[in-house]
Amino acid sequence: MKQRLERFIKMAKEFDEKYTPAEIEKKWQKIWEEQDVYKTERDDTKKKYYALEMFPYPSGKLHMGHVRNYSIGDVLARFKTMEGYNVLHPMGFDAFGMPAENAAIEHGIHPSKWTHENIANMTRQQKEMGLSYDWDRQAITCNEDYYRWTQWLFELFYKKGLAYKKAATVNWCDKCGTVLANEQVVDGKCWRCDSEVAKKDLAQWFFKITDYADRLLQDLALLKGWPERVKIMQENWIGKSEGLEFVLKAPELGEEIAVYTTRPDTAFGVTFMALAPEHPLVEKICAAASEEKAAEIKKFCEETRAKSDIERTSGDSEKEGVFTGFYCENPFNGKKAQIWVTNYVLAEYGTGAVMGVPTEDQRDWMFATKYNIPKILTIQPKDGELKLEEMTEAYVEKEGVLINSGKFDGMEMHEAMNKIMDEAENLGFGKRRANYRLRDWLISRQRYWGAPIPVIYCDKCGEVLVPEEDLPVKLPQDVKFESGAVSPLADSKEFVECACPKCGGAARRETDTMDTFICSSWYYLRYADPHNDKMPFDKKEVNYWAPVDQYIGGIEHAILHLLYSRFFTKVLKDEGLLDFDEPFTNLLTQGMVIKDGAKMSKSKGNVVSPEEIIGKYGADTARLFILFAAPVERDLEWSDQGVEGSYRFLARVWRILHHFADAIDKGADSYDLAALNADEKELRGALHRTIKKVTEDVGERFMFNTAVSSIMELVNALYAAQDKEINPSLLREIAKDLLLMLAPFAPHIAEELWSKFFAGSVHKQSWPKYDAAATVKTTAEIVVQINGKVRDKIIVEAGIDKKAQEEQALAAPKIKELLTGKNVVKVISVPGKLVNIVAK
RNA sequence: GCCGAAGUGGCGGAAUUGGCAGACGCAGCAGACUCAAAAUCUGCCGCCCUUAAAAGCGUGCCGGUUCGAGUCCGGCCUUCGGCACCA
């Protein structure tokens with residue numbers, strides 16, 4: 001008794017009526033850090049759960065998109081921990097990249113210093129959000145102990161024949177002063193700085209992602225937990241098509257020209273051959289042609305190549321070409337076809353040469369019409385008859401019967417397609433083949449702030465890998481950063497000049513660094529074993545933690561990072577370094593945070609700073625608002641008043657527990673259910689329905705907004721009961737479960753209030769279980785409709801059968817009155833829901 | 001052009017399996033408390049007509065299926081995203 005009284009006095013003193021987030025958040029962040037609450041270790045006896053948010057680029061400050069990303073991840077991580085999983089929830093930085101180097105050029109600050117200062121600041125902000133990261137696992141890609149392994153992995157790819165250097169026409173961003181991969185060119189512009197991308201011929205390093213095109217495509221089927229649209233985007237990006245590659249002889253040139261087609265059924269309609277200006281045969285043709293003709297062709301090629309990529313590849317630009325004067329032979333029917341050099345054939349796709357079938361391809365139709373090239377109709381639709389003279393465009397429907405095709409005449413086109421491919425294979429001039437839109441991944445960057453490519457060039461030994469024990473190839477510290485100049489690495493004698501690892505003679509280092517997307521293609525594996533100095537990661541650790549159970553990030557990486565990471569995982573699996581095919585089992589693509597209908601950006605002046613919001617209302621409010629305001633996948637409209645509302649809700653939680661503090665404190669941990677009165681039963685029902693709803697919304701549906709709203713409803717129910725006499729033990733149960741449910745969303749206030757009534761940390765407790773019996777209401781309000789219109793509502797007991805409910809509905813006075821003079825035709829009765837009376 | 005997503009009050013959104021459209025929150029209105037204001041607590045809050053009640057209308061548009069449609073089917077419209085001369 002005395003103890004209780006003392007405790008009551010102590011609490012009354014400590015439990016201030018006012019909610020002060022600034023104080024309690026700082027307090028608990030310190031305690032959590034001191035007690036290492038979020039430390040994670042492998043435990044083979046426990047089921048693991050790997051929750052991961054895409055790590056950020058250290059730009060300097062967190063923005064609202066980060067806050068949203070981390071809030072979602074943190075709710076999941078905390079929820080799964082409470083459900084009993086051994087949860088891995090790490091954070092790091094994608095720390096190489098252009099902005100650091102630009103800062104060096106503009107402000108004379110070394111990229112490393114700039115980056116690490118930004119990391120320190122952003123880490124502080126992340127900590128102020130109260131996120132449950134195991135900070136000990138932080139991976140920073142620009143640190144030597146990380147990029148050493150990035151280089152090691154490059155060497156692995158090299159040894160497997162998946163990294164190679166070749167001269168190629170590549171995408172060049174002048175502003176960034178470097179090349180770009182195909183995936184990094186968006187609408188002909190640089191993905192990072194938005195400036196126009198040009199073409200340049202350079203010798204560059206590539207990763208052979210095309211070797212994995214088929215598996216990357218096929219394994220999309222394994223990704224049941226990915227949004228359909230991301231899978232479709234990847235599928236389109238890989239762009240597999242199946243068809244026939246065959247050769248046409250060009251006797252005058254003594255050459256053969258290979259073409260690829262997905263429409264072998266139209267092969268008898270070939271009247272010309274279209275070459276890309278970059279096609280190797282063009283040079284030979286020029287050599288064989290008259291001086292005049294050669295000059296004409298060369299001029300055309302030069303003019304075409306001078307055009308920008310967007311101009312060249314937009315579908316509606318005029319199709320133009322030059323007739324070479326030479327012919328080739330269609331191997332199917334021996335007919336002659338004119339050889340043209342054209343502006344509409346892509347050098348990089350297929351063979352860079354296309355068979356021209358004007359009647360069944362719209363582009364060929366336009367081209368042939370313009371230059372008066374003959375047309376042969378080879379497909380007739382099933383209904384109706386096409387006449388060449390009456391046609392104004394190509395017949396491109398995928399249905400019809402062959403004509404003018406020798407022995408294939410009369411054959412249905414899909415059958416003919418197969419038969420014609422058989423013929424080409426049997427006669428040995430063609431082969432079935434798949435083609436992909438996907439190109440090899442250009443990984444060289446002519447920049448300083450990236451992982452150096454660990455290759456040395458020796459005049460005697462050629463291209464030599466830096467021996468494993470010499471890794472990492474470190475970035476030299478003492479270099480000059482100048483705008484527009486060559487890469488600082490190429491400029492650094494200290495870096496370039498070295499000894500050949502093979503023969504010891506004088507040699508030069510590769511001065512290109514790796515695309516930062518390589519660094520981010522394996523970081524999720526490093527988290528599993530972040531301090532390993534023998535290997536990038538230990539197989540046992542990686543196989544325990546990975547694959548990532550839930551990955552969370554923006555849709556902007558639908559192709560880029562997500563495709564590259566999948567590629568890496570497959571290569572590492574083939575190498576036996578890990579045992580799974582796909583890195584991310586489930587993917588959640590969060591929507592953007594927008595304000596006034598537009599993405600937050602400096603130029604629009606609609607940026608809301610997380611720092612300011614957290615300073616004013618606390619992290620719990622910021623997190624709660626962002627989770628409550630919209631479903632995670634949809635864009636979220638920022639609302640200052642909405643934030644105010646979330647703050648108000650947390651203050652309401654605080655006050656109602658303060659109001660009931662005495663009762664909660666003296667309540668017991670168990671009580672007699674049978675002794676509860678009607679109000680109490682109702683309140684307990686509300687609690688258990690809330691637990692059920694929140695458990696499903698967070699654990700299965702990722703509907704955090706509705707989870708929060710049902711917690712709000714429970715709090716409203718407590719307010720409705722505040723003047724009633726409620727069993728203290730029931731109040732204790734409600735307070736306990738309410739705080740447990742609130743803990744993943746608003747970890748600080750939950751911990752603070754928990755500490756006032758219960759022992760230990762709220763974040764070390766089990767997720768509450770609901771009592772299914774309590775969630776069932778004893779009575780149900782059902783709707784009575786006449787002809788589908790709601791006419792009355794009646795109360796029936798729960799579990800009522802169809803018939804009884806129907807009788808009660810028909811007996812309701814209001815319904816009886818409305819039915820007088822009418823004939824009841826039919827009655828539909830759904831127990832516990834509604835009765836619909838069809839009457840005439 | 002092709003592929004995909006979305007369209008619900010003044011606003012953000014809810015309705016999970018075809019069964020009360022608008023939960024929860026914001027804004028607004030009213031009341032209580034206060035000398036007063038703020039804060040807080042309570043109530044009201046789709047449109048239309050109305051003193052009120054009742055009726056009617058209502059989930060982008062047109063049609064269909066069904067006792068019953070925001071939800072299913074067919075045809076459109078608008079917005080956003082991806083791809084786009086890929087043979």
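Every chain is numbered from 1 and lettered A, B, ... according to where its sequence line falls, protein lines coming before strand lines. Computed over heavy atoms, backbone and side chain alike; hydrogens, waters and symmetry mates excluded.
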So do A:Val75 and A:Phe704 actually touch side chain to side chain, heavy atoms under 4.5 Å?
yes
Between A:Arg437 and B:A84, is there a contact of a side-chain N or O with OP1 or OP2 at under 4.0 Å?
yes
What contact category does A:Ile232 fall into here, base, sugar-phosphate, or nothing, at under 4.0 angstrom with non-hydrogen atoms?
sugar-phosphate
Would you kindly give the CD-to-C1' distance between A:Glu228 and B:G81, to the nearest whole Å?
16 Å
A:Arg701 side-chain N/O to B:A14 phosphate OP1/OP2 under 4.0 Å
no
Only one of A:Leu650, A:Leu657, A:Thr621, A:Leu624 passes side-chain contact (heavy atoms from CB on, under 4.5 Å) with A:Ile749, and that residue is A:Leu650
Dot-bracket for RNA chain B, 5' to 3', counting Watson-Crick or G-U wobble pairs under 3.5 Å, with [ ] for crossing pairs and | for inter-strand pairs?
(((((((..(((......[....))).(((((.......))))).((........))..(((((..]....))))))))))))....
How far does the C1' atom of B:A27 sit from the matching atom of B:G22, given to the nearest Å?
16 Å
Would you tabulate the pairs of protein nitrogen or oxygen atoms and nucleotide nitrogen or oxygen atoms of nucleotides 55-57 of chain B closer than 3.5 angstrom?
none

Could you check whether any side-chain heavy atom of A:Pro331 comes within less than 4.5 Å of a side-chain heavy atom of A:Leu248, counting everything from C-beta outward?
yes
Roughly how far, to the nearest 0.5 Å, is the CG atom of A:Leu718 from the CD atom of A:Glu713?
12.5 Å
P atom, B:G9 versus B:C48: distance in rounded Å?
14 Å
Between A:Glu696 and A:Lys692 (salt bridge meaning N to carboxylate O under 4.0 Å), is one present in this structure?
yes
Please measure how far the C1' atom in B:A15 lies from the corresponding atom in B:G81, and state the result in whole Å.
27 Å
Would a 4.5 Å heavy-atom cut-off, applied to side chains only, mark A:Phe246 and A:Thr261 as touching?
yes
What does A:Met355 touch in the nucleic acid at a heavy-atom separation under 4.0 angstrom: a base, only the sugar-phosphate, or nothing?
nothing
Taking atom C1' in both B:U71 and B:A14, what distance in whole Å separates the two?
14 Å
Would the base of B:C83 count as contacting A:Asn236 through its side chain, where contact means a donor and an acceptor less than 3.5 Å apart?
no
Side-chain N or O of A:Lys826 less than 4.0 angstrom from OP1 or OP2 on B:C67?
yes
Quick check against the 3.5 Å criterion: does A:Glu637 have a side-chain atom that pairs as donor or acceptor with the backbone of A:Asp596?
yes
When you measure from the side chain of A:Arg437 to the backbone N and O of A:Trp237, does any donor-acceptor pair fall under 3.5 Å?
yes
If we only count heavy atoms from C-beta on, is the A:Phe660 to A:Ile734 side-chain gap below 4.5 Å?
no
Decide yes or no, distance alone: a donor-acceptor N/O pair under 3.5 angstrom between the base of B:C20 and the side-chain of A:Lys833.
no
Could you measure between the two P atoms, the one in B:A69 and the one in B:G19, and give it in whole Å?
11 Å
Reckon A:Glu348 touches a base, only the sugar-phosphate, or nothing at all at heavy-atom distances under 4.0 Å?
nothing
Quantified in whole Å, what is the C1' atom distance between nucleotide B:G13 and nucleotide B:G7?
13 Å
Name the nucleic acid region contacted by A:Asn787, choosing base, sugar-phosphate or nothing; use a 4.0 angstrom heavy-atom cut-off, strictly under.
nothing
Tell me whether the guanidinium CZ or amine NZ of A:Lys18 lies under 6.0 angstrom from the six-membered ring centre of A:Trp654 and within 45° of its axis.
no
Considering every strand and a 4.0 Å limit on heavy-atom distances, what is the contact class for A:Lys693: base, sugar-phosphate, or nothing?
base
Quantified in whole Å, what is the P atom distance between nucleotide B:C67 and nucleotide B:C62?
23 Å
Examine A:Arg689 relative to A:Tyr770 and say whether NZ or CZ is less than 6.0 Å from the centre of the six-membered ring and inside a 45° cone about the ring axis.
no
Check the interface with nucleotides 24-27 of chain B: list each N/O to N/O pair with the protein under 3.5 Å, or write none.
unit_1	atom_1	unit_2	atom_2	d
B:G25	OP1	A:Asn716	ND2	3.2
B:C26	OP1	A:Arg648	NE	3.2
B:C26	OP1	A:Arg648	NH2	2.7
B:A27	OP2	A:Arg648	NH2	3.2

Is a side-chain N or O of A:Gln805 found less than 3.5 angstrom from the main chain of A:Ile800, in a donor-acceptor match?
no
Short question: side chain of A:Gln590, backbone of A:Gly65 - any donor-acceptor pair under 3.5 Å?
yes
Ignoring backbone atoms, establish whether A:Asn435 has a side-chain N or O less than 4.0 Å from OP1 or OP2 of B:A87.
no
Between B:G68 and B:C57, how far apart are the two P atoms, rounded to whole Å?
15 Å
Presence of A:Tyr719 side-chain N/O under 4.0 Å of B:U42 phosphate oxygens OP1/OP2:
no
Would you say B:A87 has OP1 or OP2 under 4.0 Å from some side-chain N or O of A:Tyr349?
yes
